[in-house]
Amino acid sequence: MTLEQKWQKYWEETGLFKAEDLSNTKKYYVLMMFPYPSGSKLHMGHCKNYVIGDVIARYKKMQGFNVMHPMGWDAFGLPAENAAIKFNVHPAEWTKNNIAVMTQQLKNIGICYDWSREVTTCEPDYYRWTQWLFLKFLEKGLAYKKKKEANWCPKCMTVTANEEVIDGACWRCKTPVTKKELEQWFFKITDYADRLLEDLKGLSGWPEKVKVMQENWIGKSFGVEIKFKVKETGDELPVYTTRIDTIFGVTYLVIAPEHPLVKKLVKGTEFEAKVNEFAGKLKMATEMDRTSETSKKEGFFIGKHAVNPVNGEAVPIFVANYVLLEYGTGAVMAVPAHDQRDFLFAKEYGLPVKVVIEPKESGLDAKEMEEAFVAQGAQVNSGQFDGLPSAKGLPAIADWIAEKGWGTKTVKFKLRDWLISRQRYWGAPIPVIYCDKCGIVPVPEKDLPVKLPHTVNFKPTGAASPLAAIKEFVETTCPKCGGEARRETDTMNTFICSSWYFLRYADAKNANEAFSKEKANYWLPVDQYVGGIEHAILHLLYSRFFTKVLFDLGYIAFNEPFTNLFTQGMVLKDGAVMSKSKGNVVLADPLIEKYGADTVRGLILFAAPPEKELEWSDQGIEGIHRFLGRVQRFIDPRMELLKSAPAAIDGAKLEKEPKNLYVALNKTVKKVRDDIENSFHFNTAIAALMEFVNYLYSLKEPEAGKAKQDFDRVMGLVMKDILLCLAPFMPHNAEEYWEKAGGKESIFLQSFPVHDAAFIADESAVIVLQVNGKVKSKITVPAGLSDGQVKELALKDGKVTEALGGKMPKNIIVVKNKLVNIVV
RNA sequence: GCGGAAGUGGCGGAGCUGGCAGACGCGCUAGAUUCAGGUUCUAGUUCCUUCACGGGAGUGGGGGUUCAAAUCCCCCCUUCCGCACCA
C-alpha cells in the first residue's frame, strides 16, 4: 500500500470528513458543480476543479468549521443513451459503471468528500423528489403545457430550451437547431424575471462577469406598447418600442410572418401564397440564419396599411425576416431614420426616411443619411414636442400616449419560459396523466416515483419519446375518475435535476421528503460554489429560480442558493479545452502513478491562479516534486525538533538569529493565509512556502548557547507550521510527517497556523538609494529610523556622493523603510 | 457593433493603496557529487554593450501626470470571452 492509499483509507475509515448535521459548530458548505458521469477517466481539467474545492474544504476544516463537502452525479442525460445505443448496454448500467470508475479516480487524487451524502439523479430515491418538485410547480401554476414552435435538435432528436441554444446550435452536440411545433411543458421562469434580475445586485460574492451575463439574458427593457389600427380592416395591431420619442418618424410597420394577424390580413388576397411560402421558408431556417445581424433583411408589402394614432398617418405594413414573433408583440413600428435595421430595410425597398431627432449641433438631411441616427438629440417634426431634447421627449410622449389611451408603458424581458420536456428516454418521467374525461391529472404524491421502465428499446423515433412505445408504461388509470388514461411520455430536462441537488446534500437519505427544512436552513446557502463559467446562465439561472420558488412555497428560508461563486479557468491543451471528444486529454492516473497525487495536486495549484485558463504542460511537475523532496530532506534529520515543537513562542525573549527566523515564519504564514482567503491564489501561497524552505536551507545555525536553544525551538515550530500550511495542498505527505512526528490524530484536526502579528516586521530594513530616480546604492539600517536619520545616512553613502558629483540636492524624498530618492 | 478581461524574460507566472520589475517554478549554462545516466548540491540566467568595473534599454505601441509609473490619465494596436436584428 502506498503512502497515499494509506491516508485515503484512513480518511474514509475514520469518517474524518463527514459533515455533522445541525451542529453548533459554525458550518461551511463548499460545493463543486457535480459532474456528468461520462465514464471518461479523470483528466487535468476535472482535477483542477475538484482540487480547488478540496483545498478550500481542508483549509476550512483546519479553521474549525463544520465543513460539508459532498459529491454526486448529474446522471440523467443524452450521452448515456447515445453510448447505450452504440455499445448495446442499458443506460443505467453504463452510468453505474462510470460512477464507480470516477469515484475511484476522485479518491486517488485525495479529494475529501463526505461520501455518505452522495446523490445520483437517475436513482428513483432522487428523481422521486424531482417529480415531487414538478408537482409543486404545477400546483402553483408555475408549470404549464402549451403548443409552441420550439427549438429542435435534429441530432439529439428532442426539443431544447432557449438557454441550451448557443449561436443557433445545440449546446451539447453543436448541431444547428431548427423549429418544431409540439405540445410542451414549460416552467414559468418569466414570473421570476424581475426578482432574478434584482437579486443579482445582492450577490457580492459572484464574479461581475457572470452577473452581467445573467442580466443580459434576462434582458429587461422599458418601453411603450402602442396600438396601431389596420386601415382596411380595423384590426388592432399593437407594437412595442423602447424609442417612443421616434413615434412621429414611423414610415412603415413590420410584422413577423408567422404572426396570426398576418394570416387574417392576407386571406384571399394575392399576397396569401407569398406570405405562406415566406413563413415556411423561415421555419426551415436555423435560428442562426434568422437572427444573425449579418443576414440580409428580406420582406414585402402585404397590401394593408396601419394608422399611426399620434398623427393619423397611414403607413404600409410589411412582413420581414428581421422581426421575431416571440419578442414583444411580434410587430414593430419602423423608424428608418433612427434605427439601423429599419434603415437598411428601407434603403433596400425604397421606403421613405423621416427625421424626427436631430443632433444638437447640426441638422439632418434624410436624403444624405448613410446610416440611422440612433443617438439622443432634439425632437423635430414631432408636433407639440418639437424642440424638446429627446431624453425629455421620450417620457413626455409616453405620458401623452398613455393619457390618450393609445398605448401603455410596458416592461419587457428577453427571458422566455423554460421548456422542460424532452423526447428522450434517460430522464425523470414527467408525473402527469392524461384522462379523456378529467384532462391533465397530476400523479398523486403517494404514487411517486413514476418509475422509468427498464426497456431495451430506447432509440429515439423523432416524433415522441421512446416511452410512448411502451404499452405497460403508457396505459394507466386516471387517479381522479379511475377510467382509462395515458401517462405523459416525455421526460424532464436534466437541468431540473441539477437545480436542486445542492439542497438534497443537506439531507441526502431522507425517504420522506426532498429535504428537511431544518437541515436545509442549517446548511444552505452554499458558502462557496465552484464551477465552470459555461454554466453562467443555464444551471446557475435555473438554480436561482428553483431556490426562489421553494422560498415562496415556504420550504426554505433563503432565496439565493450560492453566496459565493468561483469560476475556475479551464484547462487547455493545444489551445482547446481538454475533452475526450477532442482527444487532447492528459489523464491523471499515469502522472499520479509516477509522481504521486500530492505532486499532481501541487502542479495544478502552482501553475497558475485558479481562475485563469491553464494551457497544460507537465514541464513544471519536476519543480513540485523537487520541492516535496526538499521538504522531506529538511524535516527528516530534524524530526526530534519537530516532535518537541512548542505550541507557541514569545518572540520578545528570542536571541537575534532565532528571532529573524521567527519573523520569517510569521511573514510566510500570513502570506499563505492571505492568499488563500482573499483570492484563492494558491499559486502564490505555494511559492511563499517554497521561498521559505529555500531560506531555511540557506540559514546558518548558531553553534551553541541560548541562541542555539532558541533557534531549535523556533525551528520546531517552523517545521510544524510548514506542515500545517502544506496540508490543504499536499494532504498525504502532510499527514505522513505529522504522524511520524508523533501526531496522535489527523493533521486536519489541528488548527491552521496563525501568525504572531507582533513579529512580522524585520528588525532591519534595506533602503534603496536613488539619485534622480535611478538606483545607485542600498543600505541596511535598523527598522523605524526617522526620515532625517535615513536622509543623513543616504547622503553619506559613497556611491551616492559619487553620483551626486558635488551637486546640491534640490529635493529628497524618503519612503519609510523603503527608499530615498535624491533629486538634483 | 456593444460590454468585459487581459497583453510583463525562452516558458508558466509574481509584483499590495505609484516606491529595487521579473518572486516562485520550469528550461538553460557552468561547476561539484557519481563508473555512468538519473538524483542532489553550488553559482549564474530580461536584453544590448564591456575582458571586467560599469553603462544603456526594458512590462503591446505612442503621448501625459509625478521626485518616482507594469501600476494613474488620454489615444492606438492585439488577443480572449460574453452579448448581438430583443424593436
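Below, read A as the first sequence line, B as the second, and so on, with proteins coming before strands; counting in each chain starts at 1.
Under a 4.0 Å N-O distance rule, the pair E225(A)/K412(A) qualifies as a salt bridge. Salt bridge absent: E802(A) and K799(A) never bring a charged side-chain N and a carboxylate O closer than 4.0 Å.
Distance from the side chain of V775(A) is smallest for C20(B) among the nucleotides G19(B), G15(B), C20(B). Distance from the side chain of V823(A) is smallest to C67(B) among C67(B), G13(B), A87(B). Checking C24(B), A57(B), A87(B) against every side-chain atom of L324(A), the shortest atom distance belongs to A87(B). Comparing A14(B), A84(B), G12(B) by their nearest atom to the side chain of T684(A) picks out A14(B). Here the nucleotide nearest the side chain of N321(A), chosen from C85(B), A84(B), G13(B), is C85(B). Distance from the side chain of K818(A) is smallest to G19(B) among G25(B), U40(B), G19(B). Candidate nucleotides A23(B), A14(B), C85(B) were compared by shortest atom distance to the side chain of K297(A), and C85(B) ranks first. Counting only heavy atoms from C-beta on, N694(A) has its side chain closest to C24(B) among C24(B), A87(B), C67(B). Among the nucleotides U40(B), A23(B), C67(B), the one closest to the side chain of R633(A) is U40(B).
The separation of C53(B) from U59(B), taken at their P atoms, amounts to 25 Å, rounded to a whole angstrom. Distance noted for atom P between G58(B) and G10(B): 16 Å (whole Å). With P as the reference atom, G13(B) and U78(B) are 23 Å apart, rounded to whole Å. Spacing of C1' atoms, A14(B) relative to A87(B), comes out at 49 Å, to the nearest Å. Rounded to whole Å, the separation between the P atoms of C20(B) and U71(B) comes to 13 Å. The separation of U8(B) from G15(B), taken at their P atoms, amounts to 15 Å, rounded to a whole angstrom. Using P as the reference atom, C75(B) and G3(B) are 13 Å apart when rounded to the nearest Å. Remark: the separation of the C1' atoms in G18(B) and U29(B) is 37 Å, to the nearest Å.
Side-chain contact check for W171(A) and E163(A): no donor-acceptor pair (N or O, by modelled atom type) lies under 3.5 Å. E534(A) and H539(A) form no side-chain donor-acceptor contact under 3.5 Å, judged by distance and modelled atom types alone. Under 3.5 Å, the side chains of N151(A) and N162(A) contain a donor-acceptor pair of N or O atoms.
Residue contacts shown for D674(A) are absent, as no nucleic acid heavy atom lies under 4.0 Å away. No engagement by T329(A) is indicated, since no non-hydrogen atom pair under 4.0 Å with the nucleic acid exists. Residue contacts for Q770(A): at a heavy-atom cut-off of 4.0 Å it reaches a base atom on one of the strands shown. If you check every strand for non-hydrogen atoms under 4.0 Å, V768(A) touches a base.
Comparing W217(A) and A688(A), the nucleotide of RNA chain B nearest to each residue sits closer to the 5' end for A688(A). Where G620(A) and Y327(A) each meet RNA chain B at their nearest nucleotide, the meeting point lying more 5' is that of G620(A).
As a whole-Å value, the separation of E215(A) CD from G4(B) C1' is 12 Å. Computed from coordinates, the F692(A) CZ to G25(B) P distance equals 15 Å when rounded to whole Å. What separates CD of E348(A) from C1' of C85(B) is a distance of 15 Å, to the nearest Å. Separating the CZ atom of F413(A) from the C1' atom of A87(B) is a distance of 16 Å, rounded to the nearest angstrom. Put simply, CD1 on I604(A) is 23 Å from P on C24(B), counting in whole angstrom units. K774(A) places its NZ atom 10 Å from the P atom of G55(B), with the value rounded to the nearest Å. Atom CD1 of I218(A) and atom P of C83(B) are 14 Å apart (whole Å).
If you check distances only, the side chain of N821(A) does reach the base of C67(B) with a donor-acceptor pair under 3.5 Å. Contact annotation: side chain of K810(A) to base of C67(B), donor-acceptor pair absent below 3.5 Å. Put simply, the side chain of K778(A) and the base of C20(B) share a donor and an acceptor less than 3.5 Å apart.
Of all nucleotides present, only A32(B) satisfies the Watson-Crick or G-U wobble test against U40(B), with each distance under 3.5 Å. With a cut-off of 3.5 Å on both pairing distances, G18(B) has no Watson-Crick or G-U wobble partner at all. Nucleotide C85(B) forms no Watson-Crick or G-U wobble pair with any nucleotide shown, as no partner meets the under 3.5 Å limit on both distances. Nucleotide G58(B) forms a pair with no other nucleotide shown, judged by Watson-Crick or G-U wobble geometry with both contacts under 3.5 Å. Both distances falling under 3.5 Å, in either a Watson-Crick or a G-U wobble arrangement, place G7(B) opposite C77(B). Across all strands shown, C53(B) remains unpaired; no Watson-Crick or G-U wobble contact has both distances below 3.5 Å.
Applying the 4.0 Å criterion to OP1 and OP2 of U40(B), one finds that R630(A) has every side-chain N and O outside that range. For A87(B), the OP1/OP2 oxygens have no side-chain nitrogen or oxygen of Y240(A) closer than 4.0 Å. Look at N683(A) and you'll find a side-chain N or O under 4.0 angstrom from OP1 or OP2 of A14(B). Between K209(A) and A5(B), a side-chain N or O to OP1/OP2 separation shorter than 4.0 Å is absent. Within the 4.0 Å cut-off from OP1 or OP2 of G27(B), at least one side-chain nitrogen or oxygen of R626(A) is found. Look at N817(A) and you won't find any side-chain N or O under 4.0 angstrom from OP1 or OP2 of G19(B).
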Under 3.5 Å donor-acceptor pairs involving side-chain atoms of residues 236-243 of chain A, not counting sequence neighbours:
unit_1: Y240(A); atom_1: OH; unit_2: S221(A); atom_2: O; d: 3.2
unit_1: Y240(A); atom_1: OH; unit_2: S221(A); atom_2: OG; d: 2.8
unit_1: Y240(A); atom_1: OH; unit_2: G223(A); atom_2: N; d: 3.3
unit_1: T241(A); atom_1: OG1; unit_2: R243(A); atom_2: N; d: 2.9
unit_1: R243(A); atom_1: NE; unit_2: D245(A); atom_2: OD1; d: 3.0
unit_1: R243(A); atom_1: NE; unit_2: D245(A); atom_2: OD2; d: 3.3
unit_1: R243(A); atom_1: NH1; unit_2: V374(A); atom_2: O; d: 3.1
unit_1: R243(A); atom_1: NH2; unit_2: D245(A); atom_2: OD2; d: 3.1

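More than 12 heavy atoms of other residues, nucleotides or ligands sit less than 6.0 Å from atom CD of E348(A).
In this structure, G9(B) shows a glycosidic angle within 90 degrees of zero, which is the syn conformation.
Seen from the ring of Y322(A), K297(A) counts as a face-on cation partner, given the 6.0 Å and 45° thresholds.
With respect to F300(A), the ring pair (Phe, Tyr, Trp, His ring centres under 6.0 Å) criterion is satisfied by exactly one of F278(A), Y349(A), F318(A), Y252(A): F278(A).
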